[in-house]
Amino acid sequence: MVTLPDGSKREFATGATGEDVAGSIGPGLLKAALAVKVNGELRDLKRPIDQDADIAIITARENEGLELLRHDAAHVLAEAVQELFPGTQVTIGPVIEDGFFYDFARDEPFRVDDLAAIEEKMREIVARDEPITREVWDRGEAIDHFRSIGETYKAEIIEDLPEGEPITIYRQGKWYDLCRGPHLPSTGKLGDAFKLLKVAGAYWRGDSRNAMLSRIYGTCWRDKKELKAYLHRIEEAEKRDHRKLGKELALFHFQEEAPGMPFWHPNGWTVYQQLEAYIRKKQIKGGYQEIRTPQLVDRSLWEKSGHWEKFGEHIYSAITADEKQVAIKPMNCPCHVQVFNHHLHSYRDLPLRYAEFGSCHRYEPSGALHGLMRVRAFTQDDGHIFCTRDQITSEAEIFTRLLFEIYRELGFEQVRVKFSDRPEIRAGADDVWDQAETALKEACEQMGLEFEYNPGEGAFYGPKLEFVLTDAIGRDWQCGTLQVDFILPARLDATYIGEDGNRHQAVMLHRAILGSFERFIGILIEHHAGRFPLWLAPTQAVVATITSDGDDYANKVSEQLGAAGLRVTTDLRNEKINYKVREHSLAKVPAILVVGSREAGEGTVSMRRLGSRDQKTVQIDEAIRLLAAEAKMPGG
RNA sequence: GCCCAUAUAGCUCAGGGGUAGAGCACUCCCUUGGUAAGGGAGAGGUCGUAAGUUCGAAUCUUACUAUGGGCACCA
């Protein structure tokens with residue numbers, strides 16, 4: 001007796017399979033069926049259902065079905081590879097977002113050029129429509145078997161499976177692999193909506209001490225249409241790549257002599273300065289005092305803070321003429337403690353909120369560099385709040401409100417919060433951790449802040465909140481952070497005089513909203529696809545003439561816009577207006593003000609906004625009013 | 001740092017053992033044209049760097065550097 005999702009019940013003989021159930025409902029469903037869900041557990045279609053159960057037939061329409069397709073694509077890939085490249089060992093091949101990959105162990109890594117032949121072989125295997133069957137093997141025999149055929153990685157995987165876990169082997173044609181399953185009934189069900197995308201190296205078990213395997217990535221969809229849509233989506237994302245736009249819009253560049261360190265050009269630096277001015281305004285309003293600390297600080301301070309030992313390999317340093325070693329600061333916190341410590345503080349002074357647009361350098365591994373997103377020279381919108389333990393909750397709350405306000409004003413409505421608590425390796429006593437975690441959690445609760453729990457992911461000195469925003473095309477970026485720290489104040493003796501007249505150790509809250517200006521601007525570029533809102537746009541308006549008769553008038557208009565605080569340029573070139581419009585549109589200038597004899601006669605401009613083919617003719621004053629209002633920095 | 005790929009004019013790219021090519025941009029000339037490329041001419045590169053093979057290397061080999069895609073890393 002089985003119960004279908006619509007509540008109806010059907011009777012079957014014992015040993016009936018998912019296939020039988022699907023077939024009894026209809027031939028269409030039988031054809032589309034990929035697997036069956038028995039009491040919530042996904043199973044092969046051909047596996048007998050040995051009890052009364054709730055049954056759902058899974059087709060490609062369900063996400064679970066799509067995942068099955070991807071999983072099978074990985075298997076077909078592995079079969080193809082082993083057919084074409086005998087001696088290659090298989091390891092693992094999971095489903096990932098939008099596709100799958102399979103890691104192979106091979107002396108010669110795969111090359112991009114190999115993909116076409118492998119994909120061709122995969123299509124052949126699909127065409128063969130090999131039935132896929134499930135077998136349960138004895139554990140010891142399985143290990144011996146895989147070892148005997150030279151599949152040492154598979155043998156190792158089986159050895160690591162928990163005792164009692166059935167060892168299932170899936171066979172398709174002559175090929176077979178250890179797999180938990182379930183799988184499609186046959187390779188033909190995979191269809192043709194898959195594509196191999198790239199090769200990559202990947203460490204066995206994700207550990208850089210292990211051998212590097214050769215990974216092949218692919219994507220797989222329900223049909224060709226979905227595959228095409230996916231490939232289109234990737235292309236669209238590439239169009240907003242901040243490195244491409246950075247070049248096109250003349251925002252910044254990188255060069256070989258300073259890898260990972262951006263050279264900001266006038267356009268990019270304008271965006272930077274606007275963003276900085278905005279954050280400065282918000283932070284001052286939010287009760288922060290801005291400070292500035294040195295770039296070069298003697299090694300001894302970093303030794304005392306613990307950074308030299310723990311992060312030494314990331315620190316740039318220099319030997320001075322008097323043979324001292326100075327570190328180019330990789331972070332600002334120790335310096336902020338120096339400012340705090342320079343005066344004696346009463347509990348009445350707390351909380352004390354210091355902010356610095358702190359320029360930091362970190363020697364990041366070469367392979368980690370990525371445009372503005374991962375750099376070696378960057379500026380944090382850093383801040384440290386010195387407070388008492390009792391103030392952690394309220395300070396966390398005040399900070400989080402500020403952060404959400406800023407994200408919203410910058411156009412990011414969707415923000416997730418992750419709460420990371422004590423890691424295995426940590427400093428400080430457990431009762432201190434209890435207090436820090438409780439305080440942070442209370443702050444979240446008081447604000448009604450929902451968070452994902454990220455166990456064991458905290459900093460070694462304290463728990464933290466991480467703020468992840470979602471951009472216009474749905475990608476997540478972790479930007480803001482709030483970290484509770486009891487360790488650094490202890491190491492660097494940050495204290496205050498309490499009500500009782502005794503010295504107490506201050507608590508330090510490390511916090512950033514943007515994270516780094518470089519990275520955040522990269523995110524903004526991609527979020528807006530290069531079309532910055534007016535307040536951030538490097539050039540806000542261009543006044544373009546139709547003929548040289550309009551030059552004087554254009555200069556006058558331009559001057560007035562400039563006087564109103566707008567960033568404006570004038571295009572008097574001997575070019576057709578079509579040409580000028582095209583060029584400034586490609587440069588993503590938000591407003592093109594065309595002036596000809598008509599406008600000059602009427603004291604108007606013909607305003608064309610980026611992204612629109614329409615234009616409207618307005619008085620100069622009106623144009624200034626409209627643009628100046630829109631160009632206002634958010635947040636009052 | 002590790003694997004794979006890439007590096008040719010300001011940009012985007014083609015070419016390929018016999019001493020460099022296109023389009024755009026740039027300069028000059030003609031054109032004064034109403035909302036996404038008007039026409040003509042010219043200038044511009046020791047083909048990422050360094051070795052090697054060769055009569056000859058931008059082209060083949062190796063190393064290095066940077067960049068890209070991943071992996072590891074991201075305090």
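Just so we're on the same page: letters track the sequence lines, and every chain starts at 1. The structure presented is a predicted model; accordingly, all values stated were derived computationally and were not measured.
- In the interface, the side chain of A:Tyr363 is not paired with the base of B:G1 through any donor and acceptor atom under 3.5 Å apart.
- Contacts of A:Ser597 with the nucleic acid, taken as non-hydrogen atoms under 4.0 Å apart, include base atoms.
- Base contact: A:Ile546 has a heavy atom under 4.0 Å from a base atom.
- Note on A:Lys247: only backbone sugar-phosphate atoms sit closer than 4.0 angstrom, heavy atoms only; bases stay farther off.
- In a base pair of the Watson-Crick type (N1 to N3 plus N6-O4 or O6-N4) or a G-U wobble (N1-O2 and O6-N3), with each distance short of 3.5 Å, B:U35 is matched with no nucleotide.
- Within 4.0 Å of A:Arg598, counting heavy atoms only, lies at least one base atom of the nucleic acid.
- Look at the C1' atom in both B:A58 and B:A20: the space between them is 8 Å, to the nearest Å.
- Heavy atoms of A:Thr547 sit under 4.0 angstrom from at least one base atom.
- Atom CZ in A:Arg582 sits about 11 Å away from atom P in B:C24, given to the nearest Å.
- Under 3.5 Å, the side chain of A:Glu599 and the base of B:G34 form at least one donor-acceptor pair of N or O atoms.
- The shortest distance between the side-chain N/O atoms of A:Arg243 and the OP1/OP2 oxygens of B:G69 is below 4.0 Å.
- Residues A:Arg598 and A:Glu602 are not paired through a salt bridge, judged by the lack of any N-O separation under 4.0 Å between the basic side chain and the carboxylate.
- Taking atom C1' in both B:U62 and B:U53, one finds a spacing of 11 Å when rounded to whole Å.
- Residue-level contact check: A:Phe101 touches neither bases nor backbone, having no heavy atom under 4.0 Å from any strand.
- Here the P atom of nucleotide B:A75 and the CD atom of A:Glu424 are 17 Å apart, to the nearest Å.
- Using atom P as the reference point in both B:A63 and B:A5, the two lie 12 Å apart (nearest Å).
- For the pair A:Arg70 and A:Trp221, the cation sits on the ring face: its NZ or CZ lies under 6.0 Å from the ring centre, inside 45° of the axis.
- Between A:Arg215 and B:C3 there is no side-chain polar atom (N or O) within less than 4.0 angstrom of OP1 or OP2.
- Contact annotation for A:Gly371: backbone-only contact, meaning every heavy-atom pair under 4.0 Å involves sugar-phosphate atoms and none involves a base.
- For the pair A:Asn578 and B:U35, the criterion of a side-chain N or O lying under 4.0 Å from OP1 or OP2 is not met.
- Rounded to the nearest Å, the gap between the P atom of B:A57 and that of B:G1 is 32 Å.
- Electrostatic pairing of A:Asp476 and A:Arg416 counts as a salt bridge here, judged by a charged N lying under 4.0 Å from a carboxylate O.
- Taking only side-chain nitrogens and oxygens, A:Lys198 never comes nearer than 4.0 Å to OP1 or OP2 of B:G68.
- An OP1 or OP2 oxygen of B:A5 is reached within less than 4.0 angstrom by a side-chain nitrogen or oxygen of A:Arg111.
- Within 4.0 Å of A:Pro365, counting heavy atoms only, lies at least one base atom of the nucleic acid.
- The 5' end of RNA chain B is approached more closely, in terms of each residue's nearest nucleotide, by A:Met607 than by the other of A:Met607 and A:Phe378.
- The side chain of A:Tyr203 places no N or O atom within less than 4.0 Å of a non-bridging phosphate oxygen (OP1 or OP2) of B:G70.
- Phosphate proximity of B:G1 to A:Ser366: present, with a side-chain N or O under 4.0 Å from OP1 or OP2.
- Atom OG of A:Ser606 sits about 11.0 Å away from atom NZ of A:Lys616, to the nearest 0.5 Å.
- Across all strands shown, A:Ala200 has heavy atoms under 4.0 Å from base atoms, whether or not it also approaches the sugar-phosphate.
- Nucleotide B:C2 forms a pair with B:G70, judged by Watson-Crick or G-U wobble geometry with both contacts under 3.5 Å.
- OP1 or OP2 of B:A25 has at least one side-chain nitrogen or oxygen of A:Tyr579 nearer than 4.0 Å.
- Between A:Arg608 and the phosphate of B:A36, there is a side-chain N or O to OP1/OP2 separation shorter than 4.0 Å.
- In this structure, A:Tyr354 and A:Phe386 have perpendicular ring planes: the angle between them is above 60°, well past the 30° mark.
- Sequence order on RNA chain B of the closest nucleotides to A:Arg374 and A:His370 puts A:His370 first from the 5' end.
- Side-chain to base pairing of A:Arg205 with B:C71: no donor and acceptor N or O lie closer than 3.5 Å to each other.
- If you check B:G42 for Watson-Crick or wobble pairing at under 3.5 angstrom, you find it paired to B:C26.
- Looking at heavy-atom distances under 4.0 Å, A:Val199 makes contact with a base.
- Contact annotation for A:Leu586: base contact, defined as any heavy-atom pair under 4.0 Å involving a base atom.
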